[in-house]
Amino acid sequence: MTQEVSKKPMDAIMALCKRRGFIYQASEIYGGINGFWDYGPMGAQLKKNLRDAWWQDMILRPCWGRNGPNGRPVRNVGLETCVIQHPKVWEASGHVGGFNDPMVDDKETKGRYRYDHVMVFVPENGDPGDKPVFAYVGDQPSEAKQKKKAEKTFGAVKSVALSTIPQPWTRVIGPEAEKPGTLTEPRMFNLMFDTIPGAIRDEANKAYLRPETAQGVFVQFKNVVDTTRVKIPFGIGNTGRSFRNEVTPRNFTFRSREFEQAELEFFCHPSESLEWYKFWRDFRMEWWKEIGLAGENLILREHEKDELSHYSLGTSDVEYRFPFTSPGFGELEGIAHRGDYDLTQHQKVSGAKLDFFDTDRGEILPNGGKKGERYLPHCIEPAAGLDRGALALICEGYTRDDSRASPEFLKLHPRVAPIKAAVFPLVAKDGMPEVAEKLHAELNDKFWKLGGIEMDEKQSIGKRYARMDEIGTPFCITIDGDTMSQQIVTIRDRDTAQQQKVSLDKVGAFLSEKLGV
RNA sequence: GCGGGUGUAGCUCAGUGGUAGAGCGUCAGCCUUCCAAGCUGAAUGUCGGGGGUUCAAAUCCCCUCGCCCGCUCCA
């Protein structure tokens with residue numbers, strides 16, 4: 001049932017993406033490569049428009065000029081950091097330590113442990129017979145708990161490494177588990193791509209392709225503070241490619257191994273961090289609605305306590321109901337309260353001082369100034385996936401209406417539509433092409449920075465409308481008999497196919513209003 | 001990672017051992033005063049890839065890659 005509902009629209013969407021130049025498989029003529037996708041002319045512009053919209057609404061004019069919870073305008077600055085960073089960056093962030101080692105999962109408790117950290121209590125003589133043995137992690141609550149249980153079962157016990165027990169571990173009870181046999185075999189999680197900078201190949205120089213853009217911000221936090229007169233609270237935005245060796249690339253571009261992120265790290269005083277977290281969570285949800293995901297397919301989901309990272313005070317996801325996740329949802333953006341975890345880590349690993357001296361805080365001095373306060377800021381991170389965003393815009397916009405002459409169309413918001421408008425002579429004669437060409441040139445001069453303005457005089461008017469519908473062009477402007485006699489054009493709306501008459505010299509103003517410029 | 005499905009023109013697909021096809025789209029010309037209309041013509045194929053069987057393979061066999069679905073995974 002779900003298959004029937006979800007599969008067909010996705011197939012049609014993927015066919016349209018290919019047919020009209022939105023998304024191609026990477027290296028297609030060589031058979032494709034798992035987890036990588038390219039954008040065609042339409043897709044490249046769509047994604048660029050989305051990225052620009054993010055940058056405009058987050059960096060150039062944050063939150064549409066709105067005030068933050070402190071009653072002042074929100075201030076953010078931009079940054080662009082390298083895909084390749086010093087390998088220690090990923091040690092500090094926890095990406096190397098956590099995911100390059102073999103891990104065992106507990107299917108019962110969903111716990112995950114480093115294979116080499118898991119120990120097991122077995123009887124002193126080493127032979128448990130047909131009784132279960134008790135796994136634990138040293139210095140964790142599981143150690144005492146499991147020891148007690150083991151002693152109750154066997155009397156005297158000793159401790160051995162999990163690796164000394166032959167697999168499968170059908171009699172091993174996981175550290176937090178109740179039943180035996182729920183630990184999986186150890187698996188290597190090699191989720192970061194690596195590479196070797198330097199002309200001479202030497203494993204010792206191994207570096208990683210970043211799995212997220214965020215760390216570049218933390219690493220440059222001090223430079224930004226020292227050189228740009230920013231004061232807390234403020235944010236640093238960073239967009240760009242990231243790379244993850246996804247276990248299972250799946251669902252079109254949704255889980256790609258190379259993808260683009262748009263992340264903001266917003267730094268604030270610990271006492272205000274919860275307010276800022278809520279502020280960003282709500283704004284980001286509103287933003288996605290504003291650029292076209294206004295329907296019921298978009299939700300904001302607050303993470304449960306047990307989903308949170310150990311350092312996080314709160315995380316929510318903006319999620320979209322894609323055809324392939326339906327009736328469930330897939331993550332578009334995560335808004336995380338990261339506390340001071342990252343700055344603390346980088347401070348520790350690098351040895352650099354990353355705290356902030358806040359001259360707006362502290363007790364008031366006799367001269368009227370403030371004493372200041374030195375602290376490590378807390379960070380709120382709205383981290384969006386641009387490829388997922390673009391895919392969501394396409395899925396949300398994809399509409400099929402068999403009562404129309406052009407049944408398939410993309411209802412893209414004018415701000416993100418790759419082509420903003422098209423000019424057609426109704427017929428290629430009677431002087432119409434010349435007028436159309438003139439209008440096209442005029443509109444192009446005015447709007448080229450926003451996206452394409454097209455001109456098409458080939459074939460029937462119906463086909464031209466249909467083509468524009470499929471790539472989501474919001475407006476088609478037709479030069480017809482009325483234009484020739486009265487200087488009036490016909491503008492057709494993509495979504496309703498309704499037409500309205502507009503004076504030829506007002507077309508620019510009409511588009512300006514509709515495109516919000 | 002496991003299991004199922006699938007791969008032939010830009011798209012949708014037919015073609016079960018004997019000359020690679022259709023519809024749509026695309027392009028050109030004609031026609032055309034508002035919705036993939038009509039007429040004429042044209043271009044476009046590593047039949048996913050490699051190997052094998054055969055006089056002959058899109059078709060049979062083996063291997064492999066991609067995509068889709070379900071589990072799994074998801075820092």
Side-chain angles (χ1 to χ4, degrees), chain A residues 2-8 10-21 24-37 40 90 93-101 103 105 107 110 112 184-185 187-192 210-212 214-215 242-255 257 307 309 323-325 330-331 334 336 383 401-409 424-432 457-470 476-485 489-494 496-499 501:
Chain A
T2 339
Q3 228 178 359
E4 290 303 305
V5 182
S6 63
K7 189 168 180 282
K8 285 185 178 171
M10 206 54 216
D11 285 351
I13 289 167
M14 289 170 69
L16 187 147
C17 281
K18 170 84 183 281
R19 184 168 73 240
R20 290 301 178 190
Y24 309 129
Q25 199 177 4
S27 307
E28 192 184 278
I29 62 170
Y30 289 99
I33 175 163
N34 195 356
F36 297 89
W37 299 88
W90 310 111
S93 69
H95 287 87
V96 173
F99 302 99
N100 255 351
D101 298 302
M103 310 288 281
D105 291 334
K107 286 185 278 194
K110 307 292 180 204
R112 170 170 288 171
T184 65
E185 76 279 14
R187 281 178 288 199
M188 200 68 166
F189 282 76
N190 228 344
L191 295 171
M192 280 194 293
R210 67 180 170 201
E212 62 176 28
Q215 296 304 323
S242 293
F243 303 80
R244 297 181 192 183
N245 245 328
E246 297 291 353
V247 179
T248 317
R250 192 65 79 81
N251 291 330
F252 203 20
T253 60
F254 183 78
R255 181 162 289 140
R257 288 179 164 152
E307 275 183 279
S309 314
F324 49 79
T325 59
E331 183 185 345
D401 178 352
D402 286 306
S403 70
R404 286 169 53 125
S406 53
E408 280 182 292
F409 59 111
F424 304 149
L426 182 56
V427 291
K429 61 175 189 185
D430 300 341
M432 292 181 196
E457 58 175 54
K458 297 290 184 188
Q459 296 169 318
S460 72
I461 189 80
K463 283 192 186 186
R464 286 178 272 164
Y465 283 146
R467 276 194 287 256
M468 287 299 147
D469 283 346
E470 281 199 346
C476 290
I477 301 149
T478 301
I479 305 303
D480 52 26
D482 289 348
T483 318
M484 306 314 288
S485 60
V489 301
T490 302
I491 300 184
R492 170 185 176 276
D493 180 86
R494 173 197 64 205
T496 62
Q498 295 298 305
Q499 303 186 331
K501 296 288 188 178

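It should be emphasised that the depicted structure is a prediction, and the values quoted were computed from it without experimental measurement. In what follows, chains carry the letters A, B, and so on, assigned in the order in which the sequence lines appear, proteins first and then strands, with residues in each chain numbered from 1.
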When you measure from the side chain of [X], which nucleotide among [options] comes out closest?
X	options	answer
F324(A)	C27(B), C69(B), C11(B)	C69(B)
K463(A)	C34(B), C11(B), U26(B)	U26(B)
R255(A)	U46(B), C34(B), C73(B)	C73(B)
A405(A)	U32(B), A36(B), A75(B)	A36(B)
N251(A)	C69(B), A75(B), U26(B)	C69(B)
A497(A)	U26(B), U33(B), C35(B)	C35(B)
W37(A)	C67(B), U46(B), A36(B)	C67(B)
R250(A)	U33(B), G1(B), C27(B)	G1(B)
Q499(A)	A36(B), C35(B), U26(B)	C35(B)

Problem - Spacing of the P atoms in C61(B) and G18(B) (rounded, Å) - result: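 Straight-line distance between the two P atoms is 15 Å.
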Any donor-acceptor pair under 3.5 Å joining the side chain of [X] to the base of [N]?
X	N	value
T490(A)	C34(B)	yes
E408(A)	A36(B)	no
Y465(A)	C34(B)	yes
R492(A)	C35(B)	yes

Is [X] touching bases, backbone alone, or none of the nucleic acid, heavy atoms closer than 4.0 Å?
X	result
G481(A)	base
R20(A)	base
D480(A)	base
E28(A)	nothing
L16(A)	nothing

Exercise for the section: Determine yes or no for a side-chain-to-main-chain donor-acceptor pair under 3.5 angstrom, with D480(A) supplying the side chain and T483(A) the backbone. Expected result: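 Confirmed, D480(A) side chain pairs with T483(A) backbone.
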Problem - Under 3.5 Å donor-acceptor, R464(A) side chain and K458(A) backbone - result: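 Answer holds: yes.
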Could you tell me whether the phosphate oxygens of [N], OP1 or OP2, come under 4.0 Å of any side-chain nitrogen or oxygen in [X]?
X	N	value
K429(A)	C31(B)	no
Q459(A)	C31(B)	no
K18(A)	C11(B)	yes

